[in-house]
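Input: a single structure, listed below in structure tokens.
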Amino acid sequence: QVQLVESGGGLVQAGGSLRLSCAASGLPFSSYNMGWFRQAPGKEREFVAQISWSGSIPDYADSVKGRFTISRDNAKNTVYLQMNSLKPEDTAVYYCAVRRVRAVVPGRRVTEYDYWGQGTQVTVSS
């Protein structure tokens, strides 16, 4: 059974930082691409970042490029999202997801991902 468990969310002031973690189990973690998405109230779930199975190919949404960094530790079956210079518009529930491919071309669509975590709330106050 595949499980993805996010942690690290919370309340932070604008300009602050948070580091999200997603621990995966029940799958060959090092074989698959991983992604982070977010969903704000009343909005559709949107792509934030993704990383290739080896960790060598990251990709970011324009809205977070230069502020967020995705990384992974295949020995720990964990993917991370370091979020710096946070803005109120970053407020959302953040989800990690598994894309069961070894893809060089980044996946940015929700439908490309096969398993999802339960999400962790990030709130940025102004």
Side-chain angles (χ1 to χ4, degrees):
Q1 181 180 359
V2 176
Q3 282 195 316
L4 302 174
V5 180
E6 300 99 334
S7 61
L11 173 64
V12 64
Q13 288 189 331
S17 298
L18 284 173
R19 187 194 196 201
L20 305 184
S21 299
C22 172
S25 61
L27 75 168
F29 180 80
S30 62
S31 295
Y32 296 145
N33 290 28
M34 297 293 296
W36 284 98
F37 289 74
R38 66 187 181 187
Q39 188 166 18
K43 295 189 176 181
E44 292 187 351
R45 193 168 298 189
E46 65 175 4
F47 170 77
V48 174
Q50 75 95 52
I51 192 164
S52 61
W53 71 98
S54 64
S56 62
I57 307 174
D59 180 52
Y60 300 94
D62 288 344
S63 58
V64 307
K65 198 172 296 184
R67 300 188 297 122
F68 290 10
T69 302
I70 188 171
S71 62
R72 66 190 296 163
D73 186 336
N74 285 344
K76 295 182 178 180
N77 285 6
T78 301
V79 61
Y80 304 97
L81 186 68
Q82 177 66 43
M83 306 186 295
N84 298 330
S85 302
L86 282 161
K87 305 175 181 180
E89 51 263 44
D90 294 318
T91 295
V93 177
Y94 283 71
Y95 299 90
C96 71
V98 176
R99 184 177 176 220
R100 291 186 298 174
V101 295
R102 285 192 171 199
V104 174
V105 176
R108 294 187 168 202
R109 294 176 294 178
V110 169
T111 54
E112 294 182 280
Y113 289 78
D114 302 288
Y115 297 103
W116 295 82
Q118 83 289 347
T120 186
Q121 176 70 46
V122 171
T123 303
V124 184
S125 63
S126 57

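Through direct or relayed side-chain contacts under 4.5 Å between Ile, Leu, Val, Met, Phe, Trp and Tyr, Val101 connects to no other residue. If you chain together ILVMFWY residues whose side-chain heavy atoms come under 4.5 Å of each other, Phe37 ends up grouped with Phe47, Val93, Tyr95, Val110, Tyr113, Trp116.
Looking at Asn33 and Gln50, their side chains come closer than 4.5 Å, going by heavy atoms from C-beta outward. In this structure, the side chains of Val104 and Ile57 come closer than 4.5 Å at one or more pairs of heavy atoms. Looking at heavy atoms from C-beta onward, Met34 lies out of side-chain contact with Arg99 at the 4.5 angstrom threshold. Side-chain contact between Ile51 and Val79 is present, with heavy atoms from C-beta onward closer than 4.5 Å. Taking 4.5 Å as the limit, every side-chain heavy atom of Val124 sits out of range of all side-chain heavy atoms of Gln13.
Atom CG in Asn84 sits 11.0 Å away from atom CZ in Arg19 (nearest 0.5 Å). Between Gln3 atom CD and Gln1 atom CD the span is 5.0 Å, to the nearest 0.5 Å. The OG atom of Ser21 lies 9.5 Å from the CD atom of Gln82; values are rounded to the nearest 0.5 Å.
For Arg100, the side-chain contact (heavy atoms from CB on, under 4.5 Å) partners two or more places apart in sequence, or in a different chain, are Tyr32, Val98, Asp114, Tyr115. Partners of Ser56 under the side-chain contact (heavy atoms from CB on, under 4.5 Å) rule, at least two apart in sequence or in another chain, are Ser52, Ser54. Among residues two or more places apart in sequence or in another chain, the salt bridge (charged side-chain N to carboxylate O under 4.0 Å, His left out) test is passed with Asp90 by Arg38, Arg67.
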How far apart are the C-alpha atoms of Val48 and Leu81, what are their side-chain angles, what is the distance that settles it, and do they pass the side chain to side chain contact (heavy atoms under 4.5 Å, CB included) test?
-> CA-CA 9 Å; Val48 174; Leu81 186 68; 4.1 Å; yes

Would Ser17 and Met83 satisfy side chain to side chain contact (heavy atoms under 4.5 Å, CB included), going step by step from the backbone distance to the final call?
-> CA-CA 5 Å; Ser17 298; Met83 306 186 295; over 6 Å; no

Audit row: Asp59, Arg108, side chain to side chain contact (heavy atoms under 4.5 Å, CB included) steps and yes/no | CA-CA 9 Å; Asp59 180 52; Arg108 294 187 168 202; 2.7 Å; yes

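Contact detail for Ala40 and Ala92: the closest heavy-atom pair is N-CB, 3.8 Å. Nearest heavy atoms, Val2 versus Gly26: CG2-O, 3.6 Å. The two atoms that bring Ala24 and Leu4 nearest to each other are CB-CD2, 3.5 Å, heavy atoms only. Leu11 and Ser125 get closest at one heavy-atom pair: CD1-CB, 4.4 Å.
Side chain of Glu6 to backbone of Gln118: a donor-acceptor contact under 3.5 angstrom is found. At distances below 3.5 Å, not a single donor-acceptor pair connects side-chain atoms of Ser31 with backbone N or O atoms of Phe29. Not a single donor-acceptor pair under 3.5 Å links the side chain of Asn77 to the backbone N or O of Ser25.
Thr123 and Gln121 share a side-chain donor-acceptor pair at under 3.5 Å.
Counting only residues at least two apart or in different chains, ring pair (Phe, Tyr, Trp, His ring centres under 6.0 Å) contacts with residues 49-91 are absent.
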